[in-house]
Amino acid sequence: MEQRFEYERFKAVSPAKIRDMIAMAKEQLTMAYAPYSGFYVAAALLCRDGSVYTGCNVENSSYPAGNCAERTAVFKAVSEGKREFSCIVIMGGNAGKVEAYCPPCGICRQVLREFCRPSEFFVILAKSEEDYRVFSLEELLPESFGPEFLTE
C-alpha cells in the first residue's frame with residue numbers, strides 16, 4: 001500500500017525501473033571498500049537520458065579521504081558528461097547486510113543538490129526490490145543552497 005502512494009508522487013520512473021535500480025545497487029554493494037567501519041553502502045543514479053551509474057563507498061585510513069556511494073555514482077556520471085539526474089537508489093548496512101533504510105549523509109545531499117531541482121529529484125531508500133521508501137531531495141534537504149544563488 002505504501003509503495004503505491006509513493007509511486008503516485010513519483011511518476012517519472014516505473015516500479016519496474018526502480019526494482020532494476022535496486023538490484024543494481026544490491027550488486028554494487030559487494031564492491032564497497034569499508035575495512036574500517038564495516039558499513040557497506042551502494043547507490044544507483046538514474047540520469048534523465050535513462051542511463052544508470054552505480055557507486056559504492058570507498059573508505060581510507062585517513063578517514064576524510066574516503067568517498068560515499070552516492071558521490072561515487074554522481075562523480076562517475078559527471079565524468080562521463082552527464083549533468084541531469086532523475087533519482088538515486090541508496091542501500092547499505094553493516095557487513096553489507098541491509099536491514100534498515102540508509103539515508104544519504106549531508107555532504108551527499110548537497111552534492112545531489114548541485115545537479116537537480118530538489119522538488120523534482122527523488123531519493124529511494126531501499127531494503128530490497130519490494131521494500132523501499134521514496135523522498136524528494138527537497139524533503140531531505142529543505143531550504144537548500146544551490147547554484148542558482150551564485151548566478152546573476
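Taking OG of S144 as the start and CZ of R109 as the end, the distance is 11.5 Å to the nearest 0.5 Å. R117 contributes atom CZ, which lies 13.0 Å from atom OG of S136 (distance to the nearest 0.5 angstrom).
A salt bridge between R113 and E148 is present, with a side-chain N of the basic residue lying under 4.0 Å from a carboxylate O of the acidic one. With respect to the salt-bridge test (charged N to carboxylate O, under 4.0 angstrom), the residues K82 and E80 do not qualify.
Under a 3.5 Å cut-off, the side chain of S37 and the backbone N or O of A34 do not form any donor-acceptor pair. Judged by distance alone, the side chain of N57 and the main-chain N or O of F39 form a donor-acceptor pair under 3.5 Å. Of the possible donor and acceptor atoms, none in the side chain of R83 sits under 3.5 Å from a partner among the backbone N and O of F115. The closest donor-acceptor contact from the side chain of S62 to the backbone of A65 lies at 3.5 Å or more, if one exists at all. Formation of a donor-acceptor pair under 3.5 Å by the E139 side chain with backbone atoms of V134 is not found in this model.
A perpendicular orientation is assigned to the rings of Y36 and Y33, their planes being inclined by more than 60° (bins at 30° and 60°).
Shortest non-hydrogen contact noted between A77 and C47 is CB-SG, 4.3 Å.
Side-chain atoms of D131 and Y101, non-hydrogen and from C-beta on, do get closer than 4.5 Å to each other. In this structure, the side chains of C116 and E84 stay at 4.5 Å or more apart for every pair of heavy atoms. Counting only heavy atoms from C-beta outward, the side chains of Y40 and T30 never approach each other to under 4.5 Å. Between V52 and K17, some side-chain heavy-atom pair lies under the 4.5 Å cut-off. You'll find the side chain of L45 stays beyond 4.5 Å of the side chain of T54, heavy atoms only. For the pair F135/P103, no side-chain contact is recorded, criterion being any heavy-atom separation below 4.5 Å from C-beta on.
The cluster map of Ile, Leu, Val, Met, Phe, Trp and Tyr, joined by side-chain heavy atoms under 4.5 Å apart, puts V58 and L112 in different clusters. Linking Ile, Leu, Val, Met, Phe, Trp and Tyr residues whenever their side-chain heavy atoms come within less than 4.5 Å leaves M24 and Y53 in two separate clusters.
Between C87 and the choices V123, I124, L137, I18, the side chain to side chain contact (heavy atoms under 4.5 Å, CB included) rule is met once, by I124.
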**Request:** Walk me through it: do C102 and M91 pass the test side-chain contact (heavy atoms from CB on, under 4.5 Å)?
**Result:** CA-CA 5 Å; C102 181; M91 61 190 328; 5.7 Å; no
